[in-house]
Protein chains: 2
Amino acid sequence: MLSVLSEAGKAMSQGAIQKKVGIGINRATIYRVLNSYCEDGILHRIVADDGKQYFALCMKCEKEEQPKHHFHFRCTSCDTIECLPIPVNFSLSDHYKVETVNCVISGTCKDCS
Amino acid sequence: MLSVLSEAGKAMSQGAIQKKVGIGINRATIYRVLNSYCEDGILHRIVADDGKQYFALCMKCEKEEQPKHHFHFRCTSCDTIECLPIPVNFSLSDHYKVETVNCVISGTCKDCS
DNA sequence: AATTATAACGCAACTAAGTTGCAATAATAC
DNA sequence: GTATTATTGCAACTTAGTTGCGTTATAATT
Ligand SMILES: [Zn+2]
Ligand SMILES: [Zn+2]
Ligand SMILES: [Zn+2]
Ligand SMILES: [Zn+2]
């Protein structure tokens, strides 16, 4: 599963992962594994504006490290989500406690337009 | 429904709206009206990282105009979403066609922490 | 006013994503 | 080999949102 995500180089939904992995693996199992990887910090979860969850590898190699919080681009044409190397910047009053950041730009990606 | 959203001053889900409006109005009707208002630019839709849709009034009064694309804060404690007056800034290659922007910061809001 | 057309609504059924309980299987430890 | 523990598959369930269709309400015409 991780190799599938690595090859794709993009964020994938459970359904897309299952298609790539092939038959013989259960939906529930995939979700359990994905959730487990997210807890362990191996994957991160993006909730797109289609309401679905997408999963992507957390890049940690020094060269192309993704900023902690980065934008994502969802192409409504080819139905993929890519992690953009664009950091999300904002400042909030100290009275807010930030836990997660989920930023998705949707439209048509560079390959599809 | 608009007055409910106006009073709340926050983004609300279909469920929350229905509770406030009270009984005697159908789920499907609420969704139809909300979707219609979104098409007309009266409301905007936020998809939070809980996968649910929230609806908020589009502020157009000159004083406290919301930037077109602004951040949202979802408090996981009081389960509300507020429009933050913080613009979302990013720059993308011209080959991308941006259609929608959906940015949600989650955590504990100023009232709950 | 009666009739017709049009729009809004309620209801139920449906879809899709994600989760959970439980039994069966596989892996690990003793 | 046997006991313990972790993974998996299956089915059922939950929740959000949509859709088809018949019914009611509203508006327009005669
Ligand atoms: Zn594309
Ligand atoms: Zn990412
Ligand atoms: Zn709060
Ligand atoms: Zn907003």
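Note that the coordinates shown come from a computational prediction; the quantities given were computed from them, not determined experimentally.
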From D:dC10, C:dG10, D:dT19, nucleotide with atom closest to B:Asn26 side chain: C:dG10

Aromatic ring proximity B:His44/B:His70, centre distance under 6.0 Å: yes

A:Arg45 CZ to C:dG18 C1', straight-line distance once rounded to whole Å: 10 Å

Under-4.0 Å side-chain N/O to phosphate OP1/OP2 contact, A:Thr29 with D:dG9: yes

Rounded distance (nearest 0.5 Å) linking atom CG of A:Leu34 with atom CD of A:Glu39: 11.5 Å

Terminal axis angle for the helix from C:dA1-D:dT30 to C:dC30-D:dG1, five pairs an end, nearest 10 degrees: 10°

Spacing between A:Ile17 atom CD1 and C:dA17 atom P, to the nearest angstrom: 13 Å

Phosphate OP1/OP2 of D:dG17: any B:Tyr31 side-chain N/O under 4.0 Å: yes

Distance, rounded to the nearest Å, where A:Asn35 contributes CG and D:dA6 contributes C1': 17 Å

Nearest-Å distance for atom pair CD/P, residues A:Gln18 and C:dA16: 14 Å

Joint cluster assignment, B:Tyr54 & B:Leu5, ILVMFWY side-chain distance < 4.5 Å: no

Minimum-distance nucleotide (side-chain atoms of A:Lys52 versus D:dG9, C:dA17, C:dC9): C:dA17

Donor-acceptor pairs under 3.5 angstrom involving side-chain atoms of residues 101-109 of chain B: please list them, not counting sequence neighbours.
{"unit_1": "B:Asn102", "atom_1": "OD1", "unit_2": "B:Val47", "atom_2": "N", "d": "3.1"}
{"unit_1": "B:Asn102", "atom_1": "ND2", "unit_2": "B:Val47", "atom_2": "O", "d": "2.7"}
{"unit_1": "B:Ser106", "atom_1": "OG", "unit_2": "B:Asp49", "atom_2": "OD1", "d": "3.1"}
{"unit_1": "B:Ser106", "atom_1": "OG", "unit_2": "B:Asp49", "atom_2": "OD2", "d": "2.9"}

Residue whose nearest DNA chain C nucleotide is more 5′ - A:Arg27 or A:Arg32: A:Arg27

Main-chain N/O of A:Ile25 paired with A:Gln18 side-chain donor or acceptor, under 3.5 Å: yes

Path from A:Met12 to A:Phe55 over hydrophobic side-chain contacts below 4.5 Å: yes

Closest non-hydrogen atom pair, B:Cys75 against B:Cys78: SG-N, 3.4 Å

Rounded distance (Å) that lies between atom P of D:dT8 and atom CE of A:Met1: 10 Å

Whole angstrom value for the distance that separates P of D:dA16 from CD1 of B:Ile30: 13 Å

Integer-rounded Å distance: D:dG17 P and B:Leu34 CG: 10 Å

Euclidean distance, atom CD of residue A:Gln53 to atom P of D:dT15 [Å, nearest integer]: 16 Å

Residue B:Ala28, side-chain heavy atoms: nucleotide from D:dG17, D:dC10, C:dC11 that is nearest: C:dC11

